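Remarks on the structure that follows.
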Amino acid sequence: MFEARLTQSAILKKVLDAIKDLLTEATFECTDSGIQVQAMDNAHVSLVSMNLRSDGFDKYRCDRNLSMGMSIAVMSKILKCATTNDTVTMRAVDNPDTIEFMFDTPGKDVQAQYEMKLINMDQEHLGIPETVYSCVVKMPSQEFARIVRDLSQFGENITIACTKEGIKFSAAGDTGTANVKLAQTADSGESDSVTIEMQESVKLSFSCRYLNFFIKATPLCEQVQLSLSNDVPLVCEFNIGEIGHIKYYLAPKIED
Amino acid sequence: GKSQKNLLQYFKIN
């Protein structure tokens, strides 16, 4: 028996919004410690690693480890049927063909129940290599989203250059160039602070198309963490409230 | 021009 309940479906709705444009289907690994998804997009250009800890749920029970292949599009459709204040319960038997989603509206005697067929998925065994990053930047997630949206108008790629002084985003195309520089702030730990931990300066270019997928996670938290090193994928990390995180990996563009 | 690397080999566990 697997059962996981959140009193506010809002967080799960936001998680689905953060992955639905990147993943068509994914295996949800459910264990005693929580729910984990590690999946690549169809083009194998990016990887999404998501974790929801069992202690973050209002109720969590997982008697046997389960690997459930789910259609992200269908799951997203189902979660759109919940209002943000609904309690959501996910439930499955030990050898499931389906997963059940139940929505309870507080103060109302209404329960909605949706059953979704699981998918048999080819298991891609994916692992994330341990990496020491040259630069780790924490900045307001809304600021990052705005920069990605703004600069995407001017080119296919965004170049991120990070030094001790600050982080510079730039794009260039036929119509002109765009540059946005952020300096490190005096305060750290505030929602609007910019902090940079740097071993070595980096300058790397990334696809706007994918960065625009990643910023769909912006409503999940106030700060985003960018980890950069030469020749390894960028990590773009958002906390999922107090209960987990979502990390996106993307290889830098290389000169032909 | 710039090209995008496929990451499957980077993340795949054999």
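Worth knowing before you read on, the calculation uses all heavy atoms, side chains too, and leaves out hydrogens, waters and symmetry mates. Order of the sequence lines sets the chain letters (A, B, ...), proteins ahead of strands, with each chain counted from 1. These figures come from a predicted structure and were not determined experimentally.
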Select all residues of residues 126-145 of chain A having any heavy atom within less than 4.5 Å of some heavy atom of chain B, and report them by number, or 'none'. A:Leu126, A:Gly127, A:Ile128, A:Pro129, A:Thr131
Give a yes or no on this: more than 12 heavy atoms of other residues, nucleotides or ligands lie within 6.0 Å of atom CG of A:Asp55. yes
Minimum heavy-atom separation for B:Leu7 and A:Val45, please, with both atom names. CD1-O, 3.2 Å
Looking at residues at least two apart in the chain, or sitting in another chain, which of them share a ring pair (Phe, Tyr, Trp, His ring centres under 6.0 Å) with B:Phe11? A:Tyr249
When rounded to the nearest 0.5 angstrom, what is the spacing between CG in B:Leu8 and CE in A:Met40? 5.5 Å
Flag the pair B:Gln4 / A:Leu250 as yes when at least one side-chain heavy-atom distance between them is below 4.5 Å, and no otherwise. yes
Side-chain contact, heavy-atom cut-off 4.5 Å: B:Asn6 with A:His44? yes
Taking only heavy atoms into account, what residues of residues 226-248 of chain A are found under 4.5 Å from chain B? A:Val232, A:Pro233
Residues which pass side-chain contact (heavy atoms from CB on, under 4.5 Å) with A:Ser54, listed by chain and number, not counting sequence neighbours: A:Tyr60
Mind checking whether A:Ser205 and B:Lys2 have side chains closer than 4.5 Å, heavy atoms only? yes
A:Gln153 atom CD, over 12 foreign heavy atoms within 6.0 Å: yes
